[in-house]
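Down below is the structure, laid out as structure tokens.
Note that the structure is predicted; figures quoted are calculated from it, not measured. All values below were derived from every heavy atom in this structure, side-chain atoms included, with hydrogens, water molecules and symmetry-related copies excluded. All ligand and atom numbering here is 1-based and tracks the order in the structure.
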Amino acid sequence: MSRIAILGAGAWGTALALSLARQKKHELTLWAHTPAHVDAMIATRENKQFLPGYALPEDLRISKDLLLTAQEHDVLLCVTPSEFVGDTVRAMEPVLRENQIFVSASKGLENATFLRMSEVVAATSPVRFATLGGPSFAKEVAAALPTAIVLASTDTEAAQQLQRDFSSDSLRVYVNDDVTGVELGGALKNVIALAAGVVAGLELGSNAAAALITRGMAEMTRLAVASGAKPETMAGLAGYGDLVLTCTGSLSRNRTVGVELGKGKKLPEIIAGLNGKVAEGVRCTGATLGLAARLGIEMPITREMHAILHEGRSPQEAIRILMTRPGKSE
Ligand SMILES: NC(=O)C1=CN([C@@H]2O[C@H](COP(=O)(O)OP(=O)(O)OC[C@H]3O[C@@H](n4cnc5c(N)ncnc54)[C@H](OP(=O)(O)O)[C@@H]3O)[C@@H](O)[C@H]2O)C=CC1
Ligand SMILES: O=C(CO)COP(=O)(O)O
């Protein structure tokens, strides 16, 4: 039995809370940022805003008190969008303890600093750190469909405890010690999923989709390895696994944003249609390019995705530029 706080009641935090609650062995609290969202979940025992259709069990506590929630639990599973992780950790700082385990399930980079979530957390807090990645649509985890994820930590004891805590007959948990690889796999695939959506929205066919995934994998791996990740992590669940899921699965928010861009919709209209739901790749594309520039890594697909999102380039022109680059060795 562990005392686990789930910090963030978006689709993913809620799905993880449901998965943990089904085991009936943990003490669980789900914290949400917006007080009205907490009130609505308590009143309806459902997260109608981000994960409708799944009853929240009575023994899952729901809280708007971040400090008390952080104080009362040994494992802090942070599932806010990555842009809010820094603020959330800093707000909890006065009550954090060295023996608590902080698990980051957010998939992104800090916008201005290009930092991974482990680096953001390390800047303020004394906690033990782990990160959770892999191909895992919230809706499918909520529905207890078979899913495999990976938990990475350099703290072997923490990784093994979390593996026991999270594993169930519908959630298979692998562990490794490559925090950088798991974090970058989750963050970088969002950008390539946007591009896969563009290819689908433009109706460019299966050859183009396969090429995009393969060459996307190549540039993700280049940047991750230059950052210190292991190539085998990128070939595993957090890299290749999550890339395939989000580039092909219609549940992907990033891919959906890309499809709409490919069909000619403008970004502000697409974002407005998300109703507060996050597509991390939209922000992360800039931070990825920034990190790549710092490390001298070429990322042509990410470059073009940034141009489509933030520089007014048409999807058709971006594809033309990618297809007419000078010849390369594979
Ligand atoms: N959806 C999925 O299938 C998966 C998502 N992820 C990752 O999980 C993370 C969260 O995504 P997801 O659950 O989909 O989010 P959603 O898009 O479902 O929900 C958005 C969330 O943002 C929160 N939020 C808004 N403003 C703030 C703020 N200022 N401080 C803290 N939280 C805020 C909302 O909280 P509130 O309701 O209180 O306003 C809400 O929980 C992302 O990094 C995503 O990449 C990872 C794997 C799967
Ligand atoms: O990371 C995810 C599944 O593993 C979710 O992807 P999207 O954010 O694109 O929906």
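Under 4.0 angstrom from ligand 2, the non-hydrogen atoms of K189 all belong to its side chain. Heavy atoms of W12 found under 4.0 angstrom from ligand 1 belong to the backbone as well as the side chain. Contacts between L245 and ligand 2 below 4.0 angstrom, taking non-hydrogen atoms only, involve the side chain exclusively. Only side-chain heavy atoms of H37 come within less than 4.0 Å of ligand 1; its backbone N, CA, C and O stay farther off. Residue K139 does not touch ligand 1, judged by heavy-atom distances below 4.0 Å. Contacts of D242 with ligand 2, taken as heavy-atom pairs under 4.0 Å, involve the side chain alone. At a heavy-atom distance under 4.0 Å, only side-chain atoms of E280, from C-beta outward, approach ligand 1.
Side-chain contact check for H73 and T29: at least one donor-acceptor pair (N or O, by modelled atom type) lies under 3.5 Å. Side-chain contact annotation: D165 with S2, donor-acceptor N/O pair under 3.5 Å present. Side chains of T147 and E140: a donor-acceptor N/O pair is absent below 3.5 angstrom, by distance only.
For the pairing with E260, the salt bridge (charged side-chain N to carboxylate O under 4.0 Å, His left out) check across K266, K265, R255 returns one residue only, K265.
Remark: F137 CZ is packed, more than 12 non-hydrogen atoms of other residues, nucleotides or ligands lying under 6.0 Å away. When the shell of 6.0 Å around CD of E203 is examined, it contains 12 or fewer heavy atoms from other residues, nucleotides or ligands. Residue M1 qualifies as enclosed at atom CE: its count of foreign heavy atoms under 6.0 Å is above 12. Summarising the local packing, CG of N99 is surrounded by more than 12 heavy atoms from other residues, nucleotides or ligands at distances under 6.0 Å.
Near V278, meaning under 4.0 Å from one of its heavy atoms, ligand 1 places the atoms 11 (O), 15 (O), 17 (O). Taking every non-hydrogen atom of G276 and a distance limit under 4.0 Å, the qualifying atoms of ligand 1 come out as 20 (C). Short contacts between ligand 1 and V79, defined as distances under 4.0 Å to a heavy atom of the residue, involve ligand atoms 8 (O), 9 (C), 10 (C). Near S136, meaning under 4.0 Å from one of its heavy atoms, ligand 1 places the atoms 3 (O), 47 (C), 48 (C). Per-residue contacts place G134 under 4.0 angstrom from the following atoms of ligand 2 (heavy atoms of the residue considered): 4 (O). Taking a cut-off of under 4.0 Å to the non-hydrogen atoms of S106, the atoms of ligand 1 that pass are 43 (O). Taking a cut-off of under 4.0 Å to the non-hydrogen atoms of A105, the atoms of ligand 1 that pass are 7 (C), 8 (O), 46 (C). Short contacts between ligand 2 and N254, defined as distances under 4.0 Å to a heavy atom of the residue, involve ligand atoms 7 (P), 8 (O), 9 (O). Counting the atoms of ligand 2 from 1 in the order shown, those under 4.0 Å from a heavy atom of S136 are 3 (C), 4 (O). Set against the non-hydrogen atoms of F137, the atoms of ligand 1 under 4.0 Å away are 3 (O). Within ligand 1, the atoms closer than 4.0 Å to a non-hydrogen atom of A9 are 41 (O), numbered from 1 in the order shown.
If you take CZ on F166 and CD on Q23, they are separated by 9.0 Å, rounding to the nearest 0.5 Å.
Between L20 and L60, every side-chain heavy-atom pair lies at or beyond the 4.5 Å cut-off. Looking only at side-chain heavy atoms (C-beta outward), P135 and V244 stay at 4.5 Å or farther from each other. Side-chain contact between S227 and L291 is present, with heavy atoms from C-beta onward closer than 4.5 Å. With contacts defined as side-chain heavy-atom distances shorter than 4.5 Å, the pair L28/D59 does not qualify. Residues V257 and L274 form a side-chain contact, since some pair of their non-hydrogen atoms from C-beta on lies under 4.5 Å apart.
No heavy atom of G281 sits closer than 4.0 Å to any atom of ligand 2. At a 4.0 Å cut-off, not a single heavy atom of A193 sits close enough to ligand 2 to count as contact. R253 counts as a contact of ligand 1, since one of its heavy atoms falls under 4.0 Å from the ligand. In this structure, K107 counts as a contact residue of ligand 2, since one of its heavy atoms falls inside 4.0 Å of the ligand.
Among W31, F50, F84, the residue whose heavy atom lies closest to atom 19 (O) of ligand 1 is F50. Taking each of G186, G10, P81 in turn, the one with a heavy atom nearest to atom 23 (C) of ligand 1 proves to be P81. Scanning G8, A138, C284 for the heavy atom closest to atom 1 (N) of ligand 1 points to A138.
Note on R90 versus E93: no salt bridge recorded, every NZ/NE/NH1/NH2 to OD/OE distance being 4.0 Å or above. For E311 and R303, the salt-bridge test passes: some basic side-chain N is under 4.0 Å from an acidic carboxylate O.
Within the 3.5 Å criterion, the main-chain N or O of A15 finds no donor-acceptor partner in the side chain of S19.
At least one N or O atom of A11, backbone or side chain, sits closer than 3.5 Å to an N or O atom of ligand 1. For ligand 1, the polar-atom distance check finds no N/O of K277 at less than 3.5 Å from any of the ligand's N/O atoms.
Ring planes of H37 and F50: perpendicular class, angle over 60° (limits at 30 and 60°).
Closest protein heavy atom to atom 35 (O) of ligand 1: H33 CB, 4.1 Å. For atom 9 (O) of ligand 2, the closest heavy atom belonging to the protein is S252 OG, 2.6 Å. Of the protein's non-hydrogen atoms, T34 OG1, 2.5 Å is the one closest to atom 39 (O) of ligand 1. Closest to atom 10 (O) of ligand 2 among all protein heavy atoms lies R253 N, 2.7 Å.
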